[in-house]
Amino acid sequence: MPLRIFTLLCAIYFILIGAVFAGDFDADFDADFDDTFSDADPASEILIADPLEPFNRGVFWINDKLYFYVLKPVAKGYRLVIPRPARVSVGNFFSNLASPVRAANSLLQWNFRGFGTEVYRFVINTTFGIGGLFDPAKSVAGVNKSSEDFGQTLGYYHIGPGFYLVLPIVGPSSLRDAAGTFVDSYGDPLRYADLSTKEYLAIKLLDAVNRLSLDKDTYEGIVADSLDPYLFIRSAYAQLREAQIGDSTYDMNMFEAPVFDNQLLDPIDWFGL
Amino acid sequence: MKKIILSGLLALLFATSSFALPQPQIRVKQMVDSVLDVLKRTDISDAEKQVLVSGRMQSYLDMKSISRRTLGPYWDGATEEQRERFALLLVQILEGTYLHRMDDYGGGATDYLKQRVKGHKAIVDTLVHSEGLEIPVQYKMVYEDGDWQIFDLVLEGISLVKNYRASYGEIIRRKGLDELLTMMDDKIVEMNKPR
């Protein structure tokens with residue numbers, strides 16, 4: 001008799017568990033599948049408001065010319081002179097400097113995993129990675145960086161993008177994200193280094209040119225493939241930010257990293273976070 | 001006798017369960033592999049690649065659904081002729097864009113992370129590796145006419161169909177559907193030129 005009750009309880013338990021997981025799966029699936037399948041009304045077609053379109057298109061045009069006639073040629077020259085591994089290291093260095101900002105924003109969103117990931121990456125890459133020039137946290141331990149900024153933090157608290165903005169040199173942004181970029185700039189360690197304005201701008205320019213030298217003509221691709229690059233980038237930007245604010249499906253956090261395969265080695269697990 | 005009935009029932013069960021259907025992930029893999037096969041070839045020009053890929057991709061795409069979703073509210077107002085022409089042009093733009101993106105990603109190795117199936121809908125998540133970068137590419141599919149068909153591609157969280165829908169909708173609103181079709185025509189000519 002007790003065995004039978006036990007079996008029954010087990011059955012109920014599994015059914016309940018099943019129901020819980022099935023419910024989660026359904027909701028997640030529907031959310032991921034979403035509206036491309038439904039017949040949404042025209043009003044919801046607009047992914048982001050753009051009341052300043054004429055102004056934005058002007059800045060877009062200037063950025064386009066800057067890109068093709070100034071930044072790209074400079075980046076091409078730079079690419080010829082500096083070998084790829086060195087450029088990757090420069091990129092790693094700047095990315096590592098931005099770790100504190102990503103960590104802080106993770107924390108502001110109560111994302112302890114993201115916070116742990118960024119702190120872990122910062123510590124490992126600054127020490128073993130020689131001041132951030134290398135990325136052993138990823139190449140050895142398989143811990144990928146997260147992408148968090150203050151614009152996303154604001155989005156997490158349900159603050160919408162406001163309206164679309166194209167910023168000079170920076171490119172696509174929104175009222176919210178431009179404010180976020182401004183706030184994040186206070187978390188840039190270089191700001192607190194003893195640099196003159198000229199030196200600071202030179203370093204920022206190096207960061208931009210270096211990044212461009214590693215880029216595979218993304219912008220050229222968009223210009224070549226879309227009917228109106230301005231509209232394409234605008235909706236892509238709106239979608240990208242929305243995706244970043246939601247939970248990332250592809251978040252390869254530290255739990256999946258090989259180094260933490262051993263449960264005993266997972267510090268986050270000790271505290272049950 | 002009992003055994004026979006039982007095995008018969010089992011066979012029936014398996015026949016009707018989703019195990020018997022071609023898996024969406026396998027379909028995606030087939031398409032990706034066949035596109036990469038073309039991309040890797042060095043003996044043909046970009047334009048020829050485009051033609052080859054076009055033939056291979058079309059059978060995996062649910063073009064009717066894609067074009068209807070892309071036109072959205074403007075679908076109803078379009079004539080049958082406009083719809084057909086739009087579908088024909090859109091598939092070429094979609095294939096060209098996909099080809100260029102995959103080319104940019106270095107024809108990189110693709111990881112098939114997971115597939116989720118719910119009824120006749122499926123989502124396949126993949127990760128394309130390209131020189132240290134990992135680009136998430138998601139395929140949204142429907143089971144139609146006896147096969148899994150792709151009806152949206154999501155690159156790094158950006159749905160191509162949604163993007164087309166938003167930008168094409170804007171162009172139609174300002175200039176009309178015929179003008180959009182002309183613009184698409186011109187774009188395809190431009191895309192087919194060697195890069």
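We name chains A, B, ... by the order of the sequence lines, and we start the count at 1 in each one. Quick caveat, the model's predicted, so the values are computed rather than measured.
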Open item on the list: To the nearest 0.5 Å, what is the distance between CG on A:Asp228 and CD on B:Glu170?
Closed with: 9.0 Å
TODO: Flag the pair A:Arg241 and B:Glu156 as a salt bridge only when some basic side-chain nitrogen lies within less than 4.0 angstrom of an acidic carboxylate oxygen.
DONE: no
Task: Pair listing, ring pair (Phe, Tyr, Trp, His ring centres under 6.0 Å) test, anchored in residues 26-59 of chain B, at least two apart - done: none
Task: Proximity breakdown for B:Tyr74 and chain A, heavy-atom pairs closer than 4.5 Å - done: neither
Open item on the list: Can you tell me if A:Phe93 has over 12 outside heavy atoms packed within less than 6.0 Å of its CZ?
Closed with: no
TODO: Would you name the heavy atoms of B:Gly96 and A:Asp225 that are closest together and state the gap between them?
DONE: O-OD2, 4.4 Å
Task: Exceeds 12 heavy-atom contacts within 6.0 angstrom, atom CZ of A:Phe68 - done: yes
Task: Nearest-0.5 Å distance that lies between atom CD in A:Glu220 and atom NE2 in B:His100 - done: 12.5 Å
TODO: Please flag which part of A:Ser139 lies under 4.5 Å from any non-hydrogen atom of chain B: side chain, backbone, both or neither.
DONE: neither
TODO: Verify the distance criterion only: is there a donor paired with an acceptor across the side chains of B:Asn163 and A:Ser235 at less than 3.5 Å?
DONE: yes
TODO: Would you confirm whether A:Gln239, through its side chain, and B:Ser159, through its main-chain N or O, come within 3.5 Å as a donor-acceptor pair?
DONE: yes
Open item on the list: Which atoms of B:Leu160 are under 4.5 Å from chain A, going by heavy atoms: the side chain, the backbone, both sets, or neither?
Closed with: side chain
TODO: With side chain to side chain contact (heavy atoms under 4.5 Å, CB included) as the test, would you mind laying out the steps for B:Leu180 and A:Leu227 before giving the verdict?
DONE: CA-CA 9 Å; B:Leu180 175 78; A:Leu227 298 184; 3.6 Å; yes
Open item on the list: Counting only heavy atoms not in B:Tyr112 (residues, nucleotides, ligands), do more than 12 fall under 6.0 Å from its OH?
Closed with: yes
Task: Flag if over 12 foreign heavy atoms under 6.0 Å of NZ, B:Lys64 - done: no
TODO: Kindly check if the number of other-residue, nucleotide or ligand heavy atoms within 6.0 Å of CZ (B:Arg83) is above 12?
DONE: yes
- [ ] Please confirm whether the backbone N or O of A:Ala224 pairs with a side-chain atom of B:Lys187, one donor and one acceptor, at under 3.5 Å?
- [x] yes
Task: A:Gln109 atom CD: more than 12 heavy-atom contacts under 6.0 Å - done: yes
